[in-house]
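Atoms within each ligand, like the ligands themselves, are counted from 1 in listed order. Model, not experiment: these values are computed from the prediction.
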Amino acid sequence: MRYNAGMHPALQATLAAVDPEIAELIASEERRQRDKIRLIASENYVSGAVLAATGSILTNKYSEGYPGKRYYEGQQYIDQIEQICIDRAKGLFGAEHANVQPYSGSPANLAVYFAFLKPGDTVMGLGLPAGGHLTHGWPVSITGSYFRAVQYGVRKDTHRIDLDEVRELAHKEKPKLLFAGGTAIPRTIDFAAFGEIAREVGAVFVADIAHIAGLVAAGAHPSPVPYADVVSTTTHKTLRGPRGGMLMCKATHQKAIDRAVFPGLQGGPHNHTTAGIAIALKEAATAEFKTYAHQIVANSRALAAALVEKGWGVITGGSDNHLILADMTPKNVTGKIAAKALDVAGMELNYNSIPFDPRKPFDPSGVRLGTASVTSRGMREPEMKQIASWMDQVASAPADVGLQEKIAGEIRELCAKFPAPGILI
Ligand code: DSN
């Protein structure tokens with residue numbers, strides 16, 4: 001019998017006895033996460049301690065409200081857990097206030113709209129095809145249909161955000177909310193400049209650091225906290241916590257943000273998640289995590305450079321953070337075909353639109369990858385070179401199933417030398 005690090009053996013046995021089908025699927029997923037090189041830029045491996053908290057009895061408790069002001073009794077321990085989590089978030093990021101209840105990034109962002117905007121008000125964010133997030137005003141999102149959304153992009157020649165364009169658009173459109181951040185931005189975000197633009201036009205400035213929160217916490221990416229009215233983040237990407245969200249803000253916005261999250265948008269917080277976030281924040285405050293976050297960036301730079309050497313169309317020519325976006329056109333393959341072949345070969349990433357992509361989002365030209373998970377396993381620059389070599393072999397012959405199987409075997413051998421946090425099998 002194999003035991004998940006986050007689950008007491010007796011509970012593991014109970015799960016297997018009550019629902020062997022689900023137990024076996026969880027075990028299979030655990031083996032998959034153990035045996036593959038996981039390069040999805042928004043994923044990671046949480047520690048055994050975080051797993052233990054998220055699988056704990058805290059899931060049994062309802063706690064609508066905030067520490068000291070709840071609508072249900074029995075909050076003696078939950079209040080302490082949430083307060084510790086809040087204090088750790090404030091301490092780690094240097095924020096004046098933290099709300100740790102958002103269920104994830106999209107609800108966190110929606111709460112910001114509810115705190116500051118009325119339907120029809122103007123929001124400005126980076127367009128999805130340029131690397132933004134759905135909740136920054138993209139039309140198919142509630143944020144693009146209930147609000148008046150104006151989207152900025154990236155320059156055609158550099159694929160980087162043009163702050164002159166952002167400034168000009170902001171002055172013309174006068175947004176009430178200005179978002180910086182996104183899901184496919186491989187370069188440093190100039191939060192100070194965004195903050196200045198927001199101030200010029202009287203907008204609330206929201207820095208969405210979902211992807212880079214771990215890097216920001218460790219000083220591997222400049223922090224938006226001094227410049228942003230609100231900092232929105234998920235907790236499970238580079239920050240390496242459980243699936244969840246947080247909002248940090250200036251003290252002047254505390255009431256508006258807290259009211260918007262509860263009772264505005266959500267019911268009871270997920271206490272097991274709050275405990276997991278608290279643990280992840282404690283881990284992120286250590287010297288080891290600082291080293292880890294800087295290694296994520298070093299690995300991303302090394303992987304990007306190796307892919308450039310192999311002729312991949314790396315967008316912006318490299319990476320400053322954990323994320324690489326690559327146009328597969330120079331390799332004569334689409335993003336989707338490459339992603340599916342790489343998955344069979346043991347390397348998991350996602351197909352992704354690139355800026356000004358002539359292809360459709362469901363069958364785009366690019367792939368997106370990140371180095372947070374492989375760095376959590378202790379892999380470094382030499383492994384990045386090896387991964388780039390495997391990736392290029394597969395992308396150059398995406399129909400060669402024999403090659404994919406051979407590489408998948410080699411990857412299992414490499415992964416065995418770099419155990420993943422939280423996976424003890
Ligand atoms: N789904 C997340 C990502 O992959 O970037 C963003 O919401």
Could you list which atoms of ligand 1 come closer than 4.0 Å to a heavy atom of [X]?
X: Thr183; answer: 5 (O), 6 (C)
X: His211; answer: 3 (C), 5 (O)
X: Ser42; answer: 3 (C), 4 (O), 5 (O)

Exercise for the section: Give a yes-or-no answer on whether the side chains of Asn299 and Thr371 include a donor-acceptor pair shorter than 3.5 Å. Expected result: no
Problem - His211 side chain to His322 side chain, donor-acceptor N/O pair below 3.5 angstrom - result: yes
Exercise for the section: Determine, for Arg359 against Asp357, whether the closest basic-nitrogen to carboxylate-oxygen distance falls under 4.0 angstrom. Expected result: no
Handout entry: Arg155 bridged to Glu165 by N-O distance under 4.0 Å
Key = no
Handout entry: Flag: protein heavy atom within less than 4.0 Å of atom 1 (N) of ligand 1
Key = no
Practice task
Apply ring pair (Phe, Tyr, Trp, His ring centres under 6.0 Å) to Tyr146 and list each qualifying residue two or more places apart in sequence or on a separate chain.
Solution key: none
Practice task
Compare His133, His236, Glu43 and give the one whose heavy atom is closest to atom 6 (C) of ligand 1.
Solution key: His133
Problem - Sub-3.5 Å N/O-N/O distance, Lys237 and ligand 1 - result: no
Please output the side-chain donor-acceptor pairs of residues 178-187 that fall under 3.5 Å, not counting sequence neighbours, one pair per line with the distance.
residue	atom	partner	partner atom	Å
Thr183	OG1	Gly132	O	3.1
Arg187	NE	Thr316	OG1	2.9
Arg187	NH1	Asp320	OD1	2.9
Arg187	NH2	Thr316	O	2.8

Completion exercise
Logged contact type for Arg368 with ligand 1, heavy-atom cut-off 4.0 Å, is side chain
